[in-house]
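Notes to accompany the following structure.
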Amino acid sequence: MNKSLLFTAAMLATVPAMAAEAPAKTDWTDDVKKALIVYENDDTFVNKVNFTFREQWQMGVVQPNGSNGAHLRDGASPFNSEFRRSWIGVNVFMNSGTQFNLIGRIGGLPTRSTYSGGRTKRNFTYTDIYSIWLKQNITAIPGMSVKVGKFAPDFTSDFRTSNANIPCVERSIMAAQFGIDTNWGAEVRYVSPDKHNTLYWQVMANDRACASKSNSHRDAYRDGRGLKGEFGWEDKCFTIIGGTHKFNVSESGYHAVSMEYMHDFNNAYHNRRHPGANNYGLGFKDALSIGYEYKHEKLTFMANAVAAFEQQNGNGTNNIGIQLQPVYAIHPQVDLVWRYTAMTGDNACKLGADRYICTQTTTPSWVDSLHAFYFGVDLYASAKNKDAAKLMFGVEYVTARKGGEDCYNGWEFTTAVRFNF
């Protein structure tokens with residue numbers, strides 16, 4: 001009897017070990033990604049065709065402190081909700097080392113509340129081509145590629161992170177002040193075989209698809225939002241050169257440093273700017289971004305400093321900013337996020353880059369200095385593909401000064417549901 005009990009206990013003790021060696025069940029996010037592949041064959045000219053989609057619904061509540069005189073505009077609601085992103089796209093991969101990408105988007109779906117004309121009203125909807133480009137790998141130089149079409153510029157550590165992967169509901173005010181959106185242009189990129197070094201050069205001309213556009217232009221969501229570009233004296237051409245170097249790379253993490261330089265060729269510097277023309281470029285004549293990233297097991301830390309010169313839209317001067325952003329995984333499916341952003345510059349800090357504050361309050365769009373403290377929690381539906389489906393909660397406290405006085409102190413609470421496949 002005792003021998004039988006010992007034998008049974010020994011058998012039960014081996015079950016966990018046997019189960020651990022068995023292949024893990026396919027993650028549901030892998031099943032979705034596989035379902036989006038409509039064609040795959042390595043023996044044909046077209047190797048693979050797959051669809052992609054990205055959906056994000058979010059809501060925000062702006063709560064300014066009344067003690068400093070900043071308050072909601074008359075009739076403005078502190079509450080906003082909207083479909084922030086609603087995209088669908090397709091990728092085509094060819095055996096010649098060519099990739100074609102097309103993403104269409106629907107924005108401003110009529111759920112967002114904005115203050116305009118003395119009252120709060122629902123936003124209107126627009127559709128456009130977010131990206132359409134052709135990339136060719138240069139076989140003679142492994143790791144080198146050339147891309148032409150409409151795509152996103154790479155400037156600041158924040159914007160080099162895909163909007164599918166950013167850990168905060170919205171990008172930092174420091175990064176968003178440049179109003180970067182997809183633009184028409186060309187890129188040459190080199191990635192070393194060990195993936196430790198990346199160099200790139202982008203030359204772009206904006207066709208009024210930039211986030212810093214003025215909605216007062218009646219064509220803001222029409223001609224300038226689709227394939228038809230409206231290049232003229234008031235439009236912007238700019239170039240970015242940058243690179244990243246990873247070092248001390250191991251299984252547990254790495255260190256990385258990066259640098260990007262941007263120059264805007266806007267002819268406004270030659271007094272030929274069309275009267276009333278918008279700023280459709282990066283908003284500054286020159287800018288330098290220096291970044292550092294550290295990853296070790298559950299901790300990821302990013303630091304980014306920016307110096308920007310000759311600000312345009314706010315009639316300001318130069319701008320210096322810093323962003324510090326640690327992310328810690330307390331569970332395979334739960335991340336804690338903290339972010340500190342600070343900027344200073346005479347009328348050159350774009351508080352209007354915040355998504356909700358300046359549309360709902362009396363706060364000016366351009367200020368002399370600001371500080372923003374963000375704390376968030378991200379919940380992931382899948383530990384394997386964390387950014388495929390996630391629920392995000394964030395709270396940010398912002399304080400800004402202009403002319404030596406406080407012009408905004410207050411909270412912003414945001415929640416978002418994001419899918420990316």
Side-chain angles (χ1 to χ4, degrees), residues 29-54 87-105 128-155 157 159-165 180-207 209 226-227 229 237-247 249 254 256-262 293 384-385 387-388 420-421:
T29 57
D30 291 325
D31 295 335
V32 175
K33 290 181 179 181
K34 186 176 180 181
L36 293 172
I37 299 174
V38 296
Y39 179 80
E40 191 169 20
N41 189 338
D42 292 337
D43 297 327
T44 58
F45 176 71
V46 176
N47 294 153
K48 181 180 176 181
V49 179
N50 72 283
F51 287 106
T52 63
F53 79 88
R54 189 170 301 166
W87 302 355
I88 185 168
V90 62
N91 287 295
V92 181
F93 300 88
M94 288 152 268
N95 62 12
S96 57
T98 308
Q99 179 185 354
F100 171 75
N101 169 274
L102 170 65
I103 298 177
R105 65 179 169 185
D128 78 323
I129 300 296
Y130 174 76
S131 67
I132 178 170
W133 47 261
L134 197 67
K135 184 175 77 171
Q136 178 62 55
N137 294 328
I138 308 301
T139 55
I141 308 177
M144 180 166 285
S145 63
V146 176
K147 181 163 66 175
V148 293
K150 187 178 183 183
F151 53 91
D154 283 349
F155 186 74
S157 301
F159 263 105
R160 282 189 292 101
T161 304
S162 166
N163 52 41
N165 306 115
I180 296 178
D181 202 342
T182 52
N183 297 268
W184 295 95
E187 172 194 271
V188 178
R189 182 176 294 263
Y190 172 76
V191 180
S192 62
D194 60 6
K195 311 296 183 183
H196 291 180
N197 297 288
T198 301
L199 296 171
Y200 61 90
W201 178 37
Q202 298 174 329
V203 180
M204 315 198 86
N206 196 295
D207 72 334
L227 290 173
C237 295
F238 56 92
T239 186
I240 300 172
I241 184 169
T244 301
H245 171 62
K246 285 186 176 182
F247 58 98
V249 180
Y254 61 84
V257 291
S258 60
M259 184 171 69
E260 303 100 41
Y261 167 72
M262 181 277 299
E293 185 177 342
K384 184 177 181 181
N385 298 303
D387 294 309
N420 181 72
F421 290 97

Could you tell me if the side chain of [Y] sits less than 4.5 Å from the side chain of [X], heavy atoms only?
{"X": "T198", "Y": "Y190", "answer": "no"}
{"X": "Y254", "Y": "E293", "answer": "yes"}
{"X": "N41", "Y": "N47", "answer": "no"}
{"X": "D30", "Y": "N385", "answer": "yes"}
{"X": "N197", "Y": "V191", "answer": "no"}
{"X": "F151", "Y": "I132", "answer": "no"}
{"X": "F238", "Y": "V203", "answer": "no"}

List for me each residue that meets side chain to side chain contact (heavy atoms under 4.5 Å, CB included) alongside [X], sequence neighbours excluded, and say none if there are none.
{"X": "D31", "result": "T26"}
{"X": "I241", "result": "W201, Y261"}
{"X": "N163", "result": "R54, R85, W87, Y130, R171"}

Once ring-ring contact (aromatic ring centres under 6.0 Å, His included) is applied, do any residues pair with F53, and if so which ones, sequence neighbours excluded? F421
Going by the rule ring-ring contact (aromatic ring centres under 6.0 Å, His included), which residues pair with H245 if we only count those two or more places apart in sequence or in a different chain? F247
My understanding is that only residues two or more places apart in sequence, or in another chain, count here; which of them pass side chain to side chain donor-acceptor pair (under 3.5 Å) with [X]?
{"X": "D387", "value": "N165, K390"}
{"X": "N101", "value": "N91, S131, W133"}
{"X": "E40", "value": "none"}
{"X": "E187", "value": "R189, Q202"}

Would you please test I103 and I129 for side chain to side chain contact (heavy atoms under 4.5 Å, CB included) and show each step? CA-CA 6 Å; I103 298 177; I129 300 296; over 6 Å; no
Show me the donor-acceptor pairs within less than 3.5 Å that the side chains of residues 135-149 make with the rest of the protein, sequence neighbours left out.
from, atom 1, to, atom 2, distance (Å)
Q136, OE1, T98, OG1, 2.4
Q136, NE2, S96, O, 2.8
N137, ND2, G97, O, 3.4

More than 12 foreign heavy atoms under 6.0 Å from CE of M259: is that the case here? no
If every non-hydrogen atom of [X] is compared with every non-hydrogen atom of [Y], which pair is closest and at what distance?
{"X": "N183", "Y": "P153", "answer": "ND2-CG, 3.5 Å"}
{"X": "A256", "Y": "T244", "answer": "CB-CG2, 4.3 Å"}
{"X": "N95", "Y": "T44", "answer": "ND2-O, 3.4 Å"}

Check ion pair R160-E260 (N to O, under 4.0 angstrom): yes
Measuring from [X]:[atom1] to [Y]:[atom2], what's the distance to the nearest 0.5 Å?
{"X": "F93", "Y": "Q99", "atom1": "CZ", "atom2": "CD", "value": "4.0 Å"}
{"X": "K150", "Y": "M204", "atom1": "NZ", "atom2": "CE", "value": "10.0 Å"}
{"X": "T29", "Y": "N420", "atom1": "OG1", "atom2": "CG", "value": "11.0 Å"}

With side chain to side chain contact (heavy atoms under 4.5 Å, CB included) as the criterion, how do V188 and Y200 come out once you've worked through the C-alpha distance, each side chain's angles and the decisive distance to 0.1 Å? CA-CA 6 Å; V188 178; Y200 61 90; over 6 Å; no
Do Y39 and V92 pass the side chain to side chain contact (heavy atoms under 4.5 Å, CB included) test, and can you show the C-alpha distance, the side-chain angles, and the key distance before you say yes or no? CA-CA 9 Å; Y39 179 80; V92 181; over 6 Å; no
Taking K246 for its side chain and K195 for its backbone only, find out whether a donor-acceptor pair lies under 3.5 Å. no
